[in-house]
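Just so it is clear: chains get the letters A, B, ... in the order the sequence lines come, proteins before strands, and each one is counted from 1.
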Number of protein chains: 2
Amino acid sequence: MALRHAVLAALLDGEYSGYQLAKAFDVGVANFWHALPQQLYAELAKLEKGGLVAGRQVVQETRPNKRLFHVTDAGIAELEQFAAASAKPGFIRDDLVVKVQASDRIGSGPVIDQLDERAAAASAKIELFGNLLRQLRGEMDEDEFLLRGERIGPYLTCLRGLAFEEENRDWCLRIAALLRRRQAVAVESDGA
Amino acid sequence: MALRHAVLAALLDGEYSGYQLAKAFDVGVANFWHALPQQLYAELAKLEKGGLVAGRQVVQETRPNKRLFHVTDAGIAELEQFAAASAKPGFIRDDLVVKVQASDRIGSGPVIDQLDERAAAASAKIELFGNLLRQLRGEMDEDEFLLRGERIGPYLTCLRGLAFEEENRDWCLRIAALLRRRQAVAVESDGA
DNA sequence: TCATGATACTCATTAAAGTGAGTAGTCAGA
DNA sequence: TCTGACTACTCACTTTAATGAGTATCATGA
């Protein structure tokens with residue numbers, strides 16, 4: 001029961017339609033989880049059935065009607081319970097890391113390419129998170145906002161996402177450079 | 001098809017029985033994935049059926065017999081193909097982050113406790129990874145090992161794991177301290 | 001001697017995540 | 001006017017991951 005709580009936590013920010021939620025989860029701006037629209041619609045339906053969220057129909061003239069959801073008291077209670085239960089440690093689970101693990105027994109060329117790509121993607125996300133953080137804290141400086149701001153949850157998870165992506169970028173760049181140097185060294189030794 | 005490749009990559013280090021593999025995956029020393037024994041046995045069976053790994057029976061006197069597995073040429077080819085295919089970006093997917101996202105709408109007490117616990121767990125893992133790295137590079141210094149070592153895959157993924165856990169620890173400590181300060185501030189305002 | 005824990009697995013099942021395809025109206029630009 | 005993109009969803013399905021409960025032998029220590 002994981003996506004379930006991620007959806008509840010995301011909905012704490014206000015009212016969202018499935019579609020809006022889907023966009024946030026898709027980009028991963030909801031930097032603490034990722035899911036496709038279909039999964040979110042399914043999860044919202046389950047949550048509504050369980051009374052943890054409630055939706056209201058919004059009739060739109062020019063666009064299809066939509067349903068906006070918010071968390072109910074029962075939903076809050078569920079989150080409290082979830083927060084109190086002990087969490088198992090999270091881990092990385094990234095294809096790219098698996099590829100690096102294998103990189104010295106298979107051709108490292110494709111792995112290097114992907115490390116470059118990933119570094120670029122991480123950089124893009126770093127910028128995105130930077131903007132989002134600035135937007136969330138508004139006029140305040142960070143310390144002030146963190147201490148007195150009223151809704152800091154998304155800010156804190158965004159900080160985590162930012163640090164993760166920075167780490168990601170640095171590691172990718174370092175490993176890519178290293179694998180290239182090793183290719184060069186291997187060629188030298190071959191030639192010698 | 002994820003665990004599949006993680007198992008293949010882990011087996012590149014030598015021969016392992018399902019049980020040995022399970023221990024590595026369990027502690028997460030195979031820092032790039034996590035799985036329970038049953039999953040690994042199931043995966044090994046599938047891989048063997050597909051000819052990607054091969055096992056040989058080892059008869060033991062004092063313990064139950066075991067089967068040691070190694071990656072076949074077909075397995076290497078599979079990994080090559082996997083490495084060449086583009087990887088989707090990995091993300092965090094951690095319950096604790098979800099809890100932090102919700103932490104200012106629910107009681108922050110339990111979340112703070114878990115941040116402390118997690119920070120301690122991260123510290124333990126940092127030490128573990130540090131030892132493992134020292135062991136992997138042996139007498140060499142890091143630069144030398146990375147450039148000329150023959151099997152650096154596990155070292156590289158371990159570096160990633162180390163950085164991840166350091167980040168993890170720092171974030172947990174920072175957020176825990178912050179949430180405590182906010183509790184104090186809230187009490188002050190209440191009293192005023 | 002009796003419980004605990006390590007080695008070494010298996011079987012059955014559920015829960016969770018992810019994929020593919022499709023509907024239907026609106027709007028902006030070529 | 002036709003194409004493609006955006007809003008807003010739904011249905012059906014497959015694949016992966018995770019859980020729970022066993023089996024059996026041997027070694028260690030209280």
Side-chain angles (χ1 to χ4, degrees), chain A residues 1-8 15-28 30 32-50 53 55-69 82 85 87-95 98, chain B residues 1-8 15-28 30 32-50 53 55-69 82 85 87-95 98:
Chain A
M1 297 263 174
L3 177 57
R4 178 186 184 78
H5 297 109
V7 169
L8 278 175
E15 279 188 324
Y16 290 99
S17 69
Y19 187 76
Q20 289 172 295
L21 209 49
K23 280 207 299 188
F25 270 76
D26 178 43
V27 198
F32 58 98
W33 215 269
H34 172 266
L36 294 173
Q38 302 95 300
Q39 295 175 263
L40 295 169
Y41 283 111
E43 206 56 55
L44 283 171
K46 271 190 243 170
L47 286 168
E48 191 179 25
K49 212 162 150 189
V53 306
R56 62 187 182 91
Q57 182 84 2
V58 174
V59 179
Q60 300 186 116
E61 308 233 312
T62 165
R63 317 208 148 283
N65 296 342
K66 62 181 173 183
R67 304 195 62 216
L68 293 181
F69 292 92
F82 167 67
K88 43 204 134 173
F91 34 91
I92 299 188
R93 187 163 292 196
D94 181 344
D95 278 359
V98 175
Chain B
M1 298 265 171
L3 177 57
R4 177 186 185 75
H5 296 110
V7 169
L8 278 174
E15 279 187 324
Y16 290 100
S17 69
Y19 188 75
Q20 290 172 295
L21 209 51
K23 280 208 300 187
F25 270 77
D26 177 43
V27 199
F32 57 98
W33 214 269
H34 172 268
L36 295 171
Q38 302 96 299
Q39 295 175 263
L40 295 169
Y41 284 112
E43 207 56 55
L44 283 170
K46 270 189 242 168
L47 286 168
E48 191 179 23
K49 211 161 149 191
V53 306
R56 62 187 182 90
Q57 181 85 1
V58 174
V59 179
Q60 301 186 117
E61 308 234 313
T62 163
R63 318 209 146 281
N65 296 342
K66 62 181 173 184
R67 303 195 62 214
L68 293 181
F69 292 91
F82 167 67
K88 44 205 133 168
F91 35 91
I92 299 188
R93 187 163 292 197
D94 182 343
D95 279 358
V98 175

### Message
What verdict does the side-chain contact (heavy atoms from CB on, under 4.5 Å) test give for A/R56 and A/V58, after you've listed the backbone C-alpha separation in whole Å, the side-chain angles of each residue and the deciding distance to 0.1 Å?
### Response
CA-CA 6 Å; A/R56 62 187 182 91; A/V58 174; 3.8 Å; yes

### Query
Looking only at heavy atoms, which two atoms of B/E43 and B/V7 are closest? And how far apart?
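So the two residues come closest at CG-CG2, 4.1 Å.
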
Would you say [X] places a side-chain N or O within less than 4.0 Å of OP1 or OP2 belonging to [N]?
{"X": "A/R93", "N": "D/dA18", "answer": "yes"}
{"X": "B/Y19", "N": "C/dT7", "answer": "yes"}
{"X": "A/Y41", "N": "D/dT10", "answer": "no"}
{"X": "B/K23", "N": "C/dA8", "answer": "no"}
{"X": "B/Q39", "N": "D/dA18", "answer": "yes"}

Rounded to whole angstroms, how far apart are [atom1] on [X] and [atom2] on [N]?
{"X": "A/K66", "N": "D/dA8", "atom1": "NZ", "atom2": "P", "result": "5 Å"}
{"X": "A/L21", "N": "D/dC9", "atom1": "CG", "atom2": "C1'", "result": "14 Å"}
{"X": "B/L36", "N": "D/dA17", "atom1": "CG", "atom2": "P", "result": "12 Å"}
{"X": "A/L40", "N": "D/dT7", "atom1": "CG", "atom2": "C1'", "result": "16 Å"}
{"X": "A/L68", "N": "D/dC9", "atom1": "CG", "atom2": "P", "result": "8 Å"}
{"X": "A/L3", "N": "D/dT16", "atom1": "CG", "atom2": "P", "result": "19 Å"}
{"X": "B/L44", "N": "C/dC9", "atom1": "CG", "atom2": "P", "result": "9 Å"}
{"X": "A/H34", "N": "D/dT16", "atom1": "NE2", "atom2": "P", "result": "17 Å"}

### Contact nearer the 5' end of DNA chain C, comparing B/N65 with A/A2
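Nearer the 5' end of the strand: B/N65.
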
### Message
Any N or O donor-acceptor pair under 3.5 Å from the base of C/dG20 to the side chain of A/Q38?
### Response
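Under the 3.5 Å cut-off, the side chain and the base do form a donor-acceptor pair.
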
### Message
Determine whether A/F91 and B/D94 satisfy the following criterion, side-chain contact (heavy atoms from CB on, under 4.5 Å), listing intermediate values before the conclusion.
### Response
CA-CA 8 Å; A/F91 34 91; B/D94 182 343; over 6 Å; no

Students often get this wrong, so: under 4.0 angstrom with heavy atoms, is [X] touching a base, only sugar-phosphate, or nothing?
{"X": "A/A42", "value": "nothing"}
{"X": "A/K46", "value": "nothing"}
{"X": "B/R4", "value": "nothing"}

### Query
Can we say B/R67 and B/E15 salt-bridge, meaning some charged N sits less than 4.0 Å from an Asp/Glu carboxylate O?
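Here B/R67 does not pair with B/E15 in a salt bridge, since their nearest N and O are not under 4.0 Å apart.
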
### Message
For B/F25 and B/F32, take the angle between the two ring planes, folded into 0 to 90°, and tell me which bin it lands in: parallel under 30, tilted 30 to 60, perpendicular over 60.
### Response
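Perpendicular, since the angle between the ring planes exceeds 60°.
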
### Message
Let's see if you can work this out: which of D/dC9, C/dT19, C/dT26 has an atom nearest to the side-chain heavy atoms of A/T62?
### Response
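Selected nucleotide (nearest to the side chain): C/dT26.
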
#### Entry: Shortest side-chain distance from A/K88, nucleotide among C/dG18, D/dT19, C/dC9
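The nucleotide sitting nearest to the side chain is D/dT19.
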
